[in-house]
Each structure stands twice: as structure tokens, then as C-alpha cells.
Amino acid sequence: MSILLIAEHDNSTLNPATLSAVTAASQLGGDISILVAGSGCQSVADEAAQVMGISKVLLADNACYEKGLAENLSVLIVELAADYNHIIAAASSTIKDTMPRVAALLDVGQLSEIVAVESADTFKRPIYAGNAIATVQSLDTVKVITVRASAFEKAKAEGGNANTEVVDVVFDIGGSRFVSEELVKSGRPELTAASTVISGGRGLGSAENFSLLEKVADKLGAAVGASRAAVDAGFVSNDLQVGQTGKIVAPELYIAVGISGAIQHLAGMKESKVIVAINKDGEAPIFQVADYGLVGDLFEVLPELETKL
Amino acid sequence: MKIIVSVKRVIDYNVKVRVKSDNSDVDLSNVKMALNPFCEIAVEEAIRLKEAGIASEIVVVSIGPNAVQEQLRTAMALGADRAIHIETDSQPEPLNVAKLLAKVMEVEAPELVILGKQSIDSDNNQVGQMLAALTRRPQGTFASKVTVEGGDVLVTREVDGGLRTLSLTLPAIVTTDLRLNEPRYAKLPDIMKAKRKPLEVKTPADFGVEFKQHISQLKVETPAQRQAGIKLDSVDALIDKLKNEAKVI
Ligand SMILES: Cc1cc2nc3c(=O)[nH]c(=O)nc-3n(C[C@H](O)[C@H](O)[C@H](O)COP(=O)(O)OP(=O)(O)OC[C@H]3O[C@@H](n4cnc5c(N)ncnc54)[C@H](O)[C@@H]3O)c2cc1C
């Protein structure tokens with residue numbers, strides 16, 4: 001048995017979600033090769049070689065892989081696929097974009113966002129915004145899998161010693177061209193990697209008011225998240241959305257402020273270890289999943305929290 | 001320009017689904033069904049492109065039992081010109097859906113295909129990308145902005161770190177994210193008019209597609225439920241609990 005794992009990175013560092021995928025992959029049993037495809041990404045390959053549990057690093061370093069265009073990346077993965085029984089990666093936006101193309105080109109099904117490995121062909125995955133958990137078995141010889149990173153511990157980033165092999169096939173398929181990007185820079189921890197997350201909803205009322213929440217975040221060393229309503233209203237950028245269609249988080253502590261607790265929001269945070277809800281409506285559904293609830297006006301609670309923490 | 005929009009009939013997003021007591025599947029009997037929210041956004045985007053004079057015809061496609069005609073009529077009430085219903089009682093997997101849509105593309109030769117990025121039932125997020133791969137066309141997934149410029153479409157995508165814009169050569173496949181637009185409601189006269197718009201019924205066999213099973217669903221369970229905890233009456237009490245009981249700060 002052998003496994004091809006696709007690394008998630010920004011051409012300079014390995015994204016920690018990859019380490020969660022390594023844990024899922026190691027539960028399948030078999031040698032794990034990790035593909036680092038990008039441009040000027042030698043440092044990522046070096047980092048990947050250190051990860052515990054990796055047997056081989058495949059480095060595809062070419063300008064055509066720089067932006068992770070699904071058209072190019074999928075063909076590269078398919079080219080390498082013949083040697084492997086499993087193709088697996090963390091369900092990042094690049095992977096969600098690319099993996100179904102890989103599956104279709106291989107004429108196999110894809111298992112999206114698994115949360116548990118039952119055996120080498122059987123997995124658990126949430127459906128209906130996490131209101132049901134399906135146990136699914138792949139009937140294909142090659143299994144294409146994406147992993148919900150929050151459901152797996154991270155593999156050790158150090159202690160491994162894998163060899164790196166250069167893959168010099170170039171697939172510049174054309175048809176899709178990178179134009180521009182607006183990446184949000186923040187000094188706070190990354191949402192999906194943070195041990196504490198504080199999220200704001202429509203109740204915050206405006207972009208300016210989000211600073212009340214950010215001040216508490218900074219006291220706690222927390223990442224900031226948001227509900228869809230807060231993103232749609234333009235209070236914060238889209239990369240902060242937590243939920244069925246946003247990011248899935250499972251921190252030690254999740255604080256929901258001015259968020260009602262719609263099932264689509266719960267889908268993204270209900271696996272958090274401790275949940276705190278701050279809401280002026282004592283009947284808000286968020287309290288049904290909160291370990292600690294505070295019924296009150298967030299405009300009073302947030303400044304008080306900031307001073308007392 | 002011709003646009004194809006594919007739509008799925010799913011459980012209404014406000015309904016919390018229940019698992020059958022024999023754990024074979026979820027229970028959809030007597031549950032309110034609706035157009036998948038992302039598909040609704042796809043239909044809206046196509047209509048806006050038509051209103052802007054860019055699209056000339058919108059063909060809406062759905063695969064499923066007879067009941068999906070309700071959603072096709074809804075899409076036509078909103079503004080789609082005609083519909084294709086590919087009838088099947090099975091619940092085809094994403095790859096089978098993509099294979100059927102690829103055949104529809106062969107017949108219809110659209111310049112643009114717009115799909116929802118995922119359906120809120122199976123949460124797979126696969127069909128658009130699979131369709132693009134099978135037809136060897138470029139894709140713009142998770143779109144929050146779509147602009148047609150000559151022979152290209154500019155797609156701004158919601159990605160983990162923010163937003164990314166791609167330029168795709170038409171024909172192309174686009175999948176919608178939530179912030180692409182806000183769908184309109186169908187007006188009563190349009191609902192009446194939609195009843196007379198053409199709706200063609202086909203079968204997978206008409207397109208020469210045979211469904212293949214890739215994934216078998218062994219069981220479906222209710223996830224572990226969280227218990228509601230306690231309500232506190234002050235910020236001090238909250239800080240105390242987080243420090244001394246939960247030990248998370
Ligand atoms: C297909 C689909 C996908 C979706 N995906 C997501 C997703 O990924 N993530 C997501 O979050 N949502 C998602 N949604 C939207 C979801 O259904 C809800 O609409 C959204 O989560 C509501 O956001 P909210 O809780 O901030 O707003 P509201 O529901 O409006 O709640 C605001 C809350 O703030 C409280 N409040 C107001 N003022 C104060 C105050 N001064 N002090 C204290 N409390 C106050 C109110 O009591 C209320 O409970 C999706 C919806 C659909 C249809």
C-alpha cells in the first residue's frame with residue numbers, strides 16, 4: 001500500500017493543515033509520499049522532509065504550479081497517481097478546487113472531508129451541515145480523499161528524514177490564467193490553527209464595532225472569526241467566515257459574540273472543546289451548544305472582558 | 001451566449017434533518033424540499049448576465065425523480081428559458097452527474113456553465129470541478145464575482161486567504177459561492193408563465209450514460225450532541241469558569 005499526500009503551502013512554508021492530513025494518511029497504513037508542487041518552493045520540500053511519517057518528498061517546482069491552478073495541478077497528480085492506492089490531502093480551498101478534477105480524470109469517486117478513518121477503504125464524513133455522519137466505503141481501486149483538518153491531530157513537524165525526488169514534468173494546460181489576488185494579512189493567529197477563536201456576528205452591527213472584539217482577541221492571543229451575516233454585511237472579509245461553507249474550526253475555546261447559532265454556523269464550530277456564547281437573547285439557539293452562556297449586551301460585555309482579562 | 005445552469009432539489013436549508021431509526025439514511029419523508037441555495041445563486045447569476053445583454057439563452061438542467069420538475073419550474077419562473085429534466089430514481093453520485101452534464105454540454109454547446117459549489121445535503125463540492133475535468137475546460141470555483149469580457153470570463157474566487165481572480169477562456173465552468181449575488185423571488189405572473197416554458201424529459205440512457213457506483217453508504221448516524229451548559233450572570237463569573245473550571249485561558 002502506498003499513499004500520495006498533497007502538501008498545502010504558500011511556496012514558502014508548509015500549511016499546518018497538511019500535518020493533520022498526514023495523521024489521517026498514517027491511519028490508512030502504508031508508505032506516504034508527499035507532493036510539494038509550486039514555484040520556488042524548495043523550503044516547503046525541506047520542511048516536508050522533516051515531518052514524522054513521510055517516506056518520500058516529491059518536488060515539482062515550476063512556474064506553472066505557482067498559483068496552484070487546478071487545471072495544471074490535477075494533471076500533475078494524475079501523472080503520479082499510477083504508483084499509489086490513496087491520494088489524500090487536507091480540504092483547503094486549493095484542494096477542494098483540484099481533487100474532484102483528479103478523481104474525474106481517474107474515473108473514480110471522491111470522499112470529501114472525512115473526519116475518521118475506519119479502514120483503508122471506509123471512512124466517516126459529515127453530511128447535511130454535520131447534522132448526520134455517514135460511514136462510506138470506496139469501491140474504487142484508487143481512493144481520492146480530502147480530510148477535514150480539524151478532525152485529526154497534527155503529525156509531528158520534526159523528527160522525520162525523507163529523501164526528496166525532483167519531479168520535472170510540466171503541465172501548463174492553459175485556459176485559466178491568474179490575474180490578481182487580495183490576500184488578507186493579519187498579525188493574529190490563523191483561524192483554523194488557533195487554540196482560541198472569538199467570532200462575531202450580525203450583532204456587532206458594523207465593521208468599526210468589530211474592533212471591540214479584536215481587542216479581546218488580542219488579550220487572549222485568539223484568532224478572529226465571523227458568521228456569514230457579518231461577512232455578507234461587510235464587517236469583515238470572507239476568509240473569516242466560520243461554518244458549513246466557510247472554515248471549519250475546533251479550537252480549545254470558541255467564543256461566539258452576537259451570533260444566533262444557525263445550523264450552518266454550528267457546522268463550522270461545534271467540535272470546539274469549550275464554547276462560550278455571548279448574546280442578548282437568552283433564547284438564541286447558540287446557547288444550546290454553549291458550555292458557558294452569558295446573556296447580555298455585547299457592547300457592555302466586550303469592553304468589560306477586555307479590561308478584566 | 002448560451003448558459004447552462006444545473007440545479008438540485010434538496011432539503012430546505014431551514015430544516016434540521018433527522019436520521020432514520022435503522023441508520024440506513026436520513027429521513028426525507030414529509031420534509032420541505034427546495035432549490036439548493038447555491039443553485040439558486042447560479043440561476044440568478046445567469047439571469048443577470050441575460051439582463052445585461054451578455055447571455056441570450058439560459059437552459060436549466062436537473063437530474064432526479066419527477067419531483068425535480070418543481071425546481072426546474074422555479075428556475076424558469078425566475079428567468080431561465082427552458083429546462084431539461086434527466087429522470088432517474090437513483091441518487092447519482094457526483095461523477096455520474098458530471099458525466100451526464102458533460103453529455104448535455106456536447107449537445108447544447110454552451111459558452112458558460114454555472115453550478116452551485118456544493119449541495120447542502122451531501123456537501124460534496126465536486127460536480128463542477130469534475131465536469132470541467134471531463135470536458136477539459138477551465139474552471140472558476142467558489143465565485144464571488146463573474147465578469148464576461150469578450151471570449152473570457154473573469155472569476156473572483158473565495159479562497160482560504162482571501163480572494164483570487166482568474167481569467168478563463170470560454171467555454172468555462174463556474175461554481176457559485178454565497179456572496180456572488182442575492183437571488184430574487186419569483187413573481188406570481190412569472191410562475192404562471194413558467195408553466196408554459198419548454199421542459200424536455202430525458203433519461204440517462206438517452207445520453208448513453210450508465211451510472212457506476214464508486215462509493216457505498218454503509219450507515220448514517222446522528223452525531224454526538226452537545227449538551228447545553230450553564231448560564232452565568234457576569235463577566236467575572238465567566239472569567240472564573242474559563243480559568244478555573246475549563247482551564248482554557
Ligand atoms: C447555504 C447556506 C450556507 C450558509 N453557510 C453559513 C456559514 O458557513 N457560516 C455562517 O455563519 N452562516 C452560514 N449561513 C447563514 C446562516 O443560516 C445564518 O443566516 C447566519 O449564520 C446568521 O448569522 P448571525 O448569527 O451573525 O446573525 P443573526 O442570526 O441575525 O443573529 C444575530 C444575533 O446577535 C444577537 N445580538 C444582536 N445585538 C446584540 C447585542 N447588542 N448584544 C448581544 N447580542 C446581540 C441577536 O440576539 C442574534 O442572536 C448559510 C446559509 C445558507 C443558506
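Just so we're on the same page: letters track the sequence lines, and every chain starts at 1. Values below: every heavy atom of this structure, side chains too, minus hydrogens, waters and symmetry copies.
You'll find the side chain of A:Asp291 reaches within 4.5 Å of the side chain of B:Arg226, heavy atoms only. Counting only heavy atoms from C-beta outward, the side chains of B:Leu163 and A:Asn238 approach each other to under 4.5 Å. Using a 4.5 Å heavy-atom cutoff, the side chains of A:Thr98 and B:Gln129 are not in contact. At least one side-chain heavy atom of B:Ile239 sits under 4.5 Å from a side-chain heavy atom of A:Leu305. Between B:His214 and A:Lys143 the shortest side-chain heavy-atom distance does not fall below 4.5 Å. By the 4.5 Å heavy-atom criterion applied to side chains, A:Thr245 and B:Lys117 are counted as neighbours.
Annotation: the span from B:Ile249 atom CD1 to A:Ser195 atom OG amounts to 12.0 Å, rounded to 0.5 Å.
Contact of A:Leu220 with chain B is made through the side chain alone, with heavy-atom distances under 4.5 Å. The contact between A:Ala134 and chain B is made by backbone and side chain atoms together, counting heavy-atom distances below 4.5 Å. Looking at A:Ser180, both its backbone and its side chain come within 4.5 Å of chain B, counting heavy atoms on both sides. With a 4.5 Å cut-off on non-hydrogen atoms, A:Ile275 touches chain B through its backbone and its side chain both. For A:Glu113, no part sits under 4.5 Å from any heavy atom of chain B, backbone or side chain. Of the atoms belonging to A:Val276, it is side-chain heavy atoms, and not backbone ones, that fall under 4.5 Å from chain B. Heavy-atom distances place the side chain of A:Leu69, and not its backbone, under 4.5 Å from chain B. In this structure, chain B has heavy atoms under 4.5 Å from both the backbone and the side chain of A:Gln110. Looking at A:Lys185, neither its backbone nor its side chain comes within 4.5 Å of chain B, counting heavy atoms on both sides. For A:Ser92, the parts sitting under 4.5 Å from any heavy atom of chain B are the backbone and the side chain alike. Neither the backbone nor the side chain of A:Ser186 comes within contact range of chain B, judged by heavy atoms closer than 4.5 Å.
A donor-acceptor contact shorter than 3.5 Å is absent between the side chain of A:Lys96 and the backbone of B:Thr141. Between the side chain of A:Glu181 and the backbone N or O of B:Gly161, no donor-acceptor pair lies under 3.5 Å.
A:Tyr292 pairs in a side chain to side chain donor-acceptor pair (under 3.5 Å) with only one of the listed residues (B:Lys231, B:Glu245, B:Lys241), which is B:Glu245. Each of A:Leu302, A:Thr307, A:Leu294, A:Ile278 was compared with B:Val235 under the side-chain contact (heavy atoms from CB on, under 4.5 Å) criterion, and only A:Leu294 meets it.
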Please determine whether salt bridge (charged side-chain N to carboxylate O under 4.0 Å, His left out) holds for the pair B:Lys212 and A:Asp107, giving the CA-CA distance in whole Å, both sets of side-chain angles, and the decisive distance to 0.1 Å. CA-CA 10 Å; B:Lys212 200 171 135 198; A:Asp107 197 27; 3.6 Å; yes

With side-chain contact (heavy atoms from CB on, under 4.5 Å) as the test, would you mind laying out the steps for A:Arg125 and B:Asn124 before giving the verdict? CA-CA 10 Å; A:Arg125 60 175 301 267; B:Asn124 277 314; 3.3 Å; yes

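Ranking A:Phe178, A:Phe287, A:Tyr128 against chain B, the residue ahead of the rest is A:Tyr128, based on heavy-atom pairs under 4.5 Å. Most heavy-atom pairs under 4.5 Å with chain B, from the set A:Glu271, A:Arg228, A:Gln241, A:Lys247: that is A:Arg228.
Heavy-atom neighbours of B:Gln91 CD from other residues, nucleotides or ligands within 6.0 Å: at or below the threshold of 12.
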